[in-house]
Amino acid sequence: MENKIKQLLLQHSLELFGIEIEENLVQFQQTRKEFEGDLTLVVFPFVKIMKSSPNEVASKIGDFLVGKIQEIARYNVVQGFLNILLTDQYWVDQLRLIRTSSNYGFSEQASKGTVLVEYSSPNTNKPLHLGHLRNNFLGYSVAEILKANGHNVIKTQIINDRGVHICKSMLAWERFSPLNSEGERETPQNTGLKGDKLVGKYYVVFDQQLNLEVKTVLERWESNDFSGVSETLKEQINNLVVARTNSLDEKSLEGINSKLKELAKNETSLMRDVKEMLVKWEARDPQTYLLWTTMNGWVYEGFKATYEAMGVNFDRLYYESETYLLGKDIVADGLNKGVFYKKDDGSVWIDLTSEGLDEKLVLRSDGTAVYMTQDIGTAVDRKKDYPDMQGVVYTVGNEQDYHFKVLFLVLKKLGYTWANNCFHLSYGMVDLPSGKMKSREGTVVDADDLMADVIASAKEMTKERGHLEGMSESQKEKLFSQIGMGGLKYFLLKVDPKKRMLFNPEESIELNGNTGPFIQYAHARIHSLLLKAGGYSDFKSTQLLIEEKELVKFIAQYPEIVKAAGAEFSPAIIANYAFELVKLFNHFYQTVPILIEKDELVKNLRLVLCEVVSDIINRSLNLLGIEAPEKM
RNA sequence: GGCUCCGUGGCGCAAUUGUAUAGCGCAUCAGAUUUCGGCUCUGAGGGUUGGGGGUUAGAAUCCCUCCGGGGUCACCA
């Protein structure tokens, strides 16, 4: 309708305004609910051209439109806003149209080109935590939203399965795991621990042992025992000690102490051994490699269970161990093209100062790859795997904003046009009411524990108030998980991703207010209503109640909402729409009788409305990765 | 310090391609419902959108500046 009016105004702009007008002068907005109307045209832009009062201009346009478009019933003018009222017949026809279109609001599948969505991307030395939940839910949801917008989506992740941090867990396990009666070290099998938890445990053990050794090294230095310490390091230490005796304020004292600690760390046997282990790994030493594959295998088993509970999945996995060497050829190529330059020591850089950024290293002086090299390589590699790839969405925390800014710029400079469609889906940290999550202070919320908690609370509440009769135990368990996870996902997704957010465990599974279960409940209730109604066929109405019309109008916006969510990579837009829809529906449901309506045709119209609303709720929740149970 | 993101009722959030009286949830208070699932609905109180200045017919939104908070500035990933 908006388009129709716009075209009409453009066609007749000469007779109306005296000159040809530009398309962007025709601006619409939603009519405020205190005024009568379904659509509002802002007339200020025309006032300037016509040099008459806003009201006159609006009336002229209003009269013109009423004459030309039969679906327009009448109009009114308030302070330069032209409120247009459409006929009830128009809205009834819209409803009919919506009901008959399959997958209403969604674009045709795979009509738009391939996009990769990367998310999760864990390290294999620690279990997943609350932050990963936000990441996974976001990535999964954005992938679903892009699919709904017609893209062919490949869900992917890059698993950080190598490096010093991985070796730390390996070394700690090898060295500190107790032996059981059979002489075996701890395994998931003989301890019953989840694999990722077991490996994470040894990562912590490593840190503890390292701190002990750091302490003894520092004590040795304090007592002037510098055996085995190089001359240059000794000088560094002495300088720091002198600076410490001279400094008065606490802050610089703290800084000096942490520097000393850093130096001591590098002098521990543990760190030396870990580095040695990494070198061995890179040389593919069979024993080290076996240890690595074994322990990573445990972690993958653990992650598999966590992903299953989360309800997310992936189409294609990339492993850092396979990609960390990639990108060197591309760097060499870029060097030839003059995109990069080489410093005297052989390291390769890119100069981004003209873009307002810094110089950035892309290859070490010893020729080894850095993070950036790998990411360039992986991106190009993916294009090889998916030749029709148009872009990549990277779901990564906002601490890496700068990295991705540089990465996209480098790819562009290298001449990859798809780099223009790359997007860093950057999200803020999840805070707890108790403050920041810190692994050292044990305030990290484990993903498995949290999901279990939330499901347990859902169980409590549903048992009290739910409709569980006739359900088997496994059906009940499934329902509790749908409600608990629905609450958790909705809570994490309803907020604008780039904002830092506060996680409130109790509120997330609340059944009232702006929550997932509130929306699920509305869906379940409609389902039971439709069951009770039995069949229904044709509907008709010449006059809509205000509650009915409001609902149809809101439903009519759905395609726009799906598009906007896709364009902005924002599940929050879907979440907020679903909540508004449910509130509007609840109001309708409360005030308008449905099953007891005597006029069959009117009753059927209301039932169709219910059906369409339930379908939209269901598919909106699915876009968020949330299931909509039929009973709860 | 440079760059960057954020700042909206007590709390948590929406509106940020400018537009009418800044919306919503929680909490608080007052009400409705013999009827389709009371996990419902209606209403009230609560705001100079961090401060100041500017652009505009019109600013939470754009520009400048200051204040507060986060992130980042490694031959780590």
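Source: prediction; values computed, not measured. For the numbers below, each heavy atom of this structure counts, side chains included, while hydrogens, waters and symmetry mates do not. Residue numbers start from 1 in every chain, and the chains themselves are labelled A, B, ... in the order their sequence lines are given, proteins ahead of strands.
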#### Entry: ring-ring contact (aromatic ring centres under 6.0 Å, His included) between Phe81(A) and Phe35(A), intermediate numbers included
CA-CA 10 Å; Phe81(A) 293 90; Phe35(A) 304 111; 8.3 Å; no
### Task
Output yes when Lys126(A) and Asp196(A) qualify as a salt bridge under the 4.0 Å nitrogen-oxygen rule, no when they do not.
no
### Query
Taking CD1 from Ile376(A) and P from A77(B), how many angstroms apart are they, rounded to a whole number?
13 Å
### Query
Honestly, is Lys360(A) close enough over Trp349(A), meaning NZ or CZ under 6.0 Å from the six-membered ring centre and within 45° of the axis?
no
## Note on the structure
Assert: residue with more 5' nearest nucleotide on RNA chain B, out of Lys498(A) and Ile594(A), is Lys498(A)
### Query
Expressed in angstrom and rounded to an integer, what is the separation of Arg500(A) atom CZ from C6(B) atom P?
14 Å
#### Entry: Lys/Arg N to Asp/Glu carboxylate O, Arg382(A) vs Glu118(A), below 4.0 Å
yes
### Task
Using atom CD of Gln590(A) as one end and atom P of G37(B) as the other, report the distance to the nearest whole Å.
12 Å
### Query
Now, which nucleotide makes the Watson-Crick or G-U wobble pair with U35(B), with each of the two distances under 3.5 Å?
none
#### Entry: Ionic contact status for Asp496(A) with Lys498(A), cut-off 4.0 Å
yes
### Message
Going by centres under 5.5 angstrom and planes under 30 degrees, do the aromatic ring of Tyr402(A) and the base ring of U72(B) stack?
### Response
no
### Query
Taking a pair as Watson-Crick or G-U wobble with both distances under 3.5 Å, which nucleotide is matched to G12(B)?
C24(B)
### Query
Considering only side-chain heavy atoms of Glu399(A), which listed nucleotide, C5(B), C76(B), U72(B), is closest?
U72(B)
### Message
Nearest to the side chain of Lys499(A), heavy atoms from C-beta on, is which of U8(B), U40(B), A77(B)?
### Response
U8(B)
### Message
Without decimals, in angstroms, what is the distance between Tyr490(A) OH and C13(B) P?
### Response
14 Å
### Task
Give the ring-plane orientation class for Phe588(A) versus Phe585(A), where under 30° counts as parallel, over 60° as perpendicular and anything between as tilted.
tilted
### Summary
5' to 3', nucleotides 17-30 of chain B under a 4.0 Å protein heavy-atom cut-off (B base, S sugar-phosphate only, - none) gives --BBS--SSS----
### Task
For Leu363(A) and A74(B), give me the distance from atom CG to atom P, rounded to whole Å.
18 Å
### Task
Establish, with yes or no, whether the OP1 or OP2 oxygen of U72(B) is under 4.0 angstrom from a side-chain nitrogen or oxygen of Lys405(A).
no
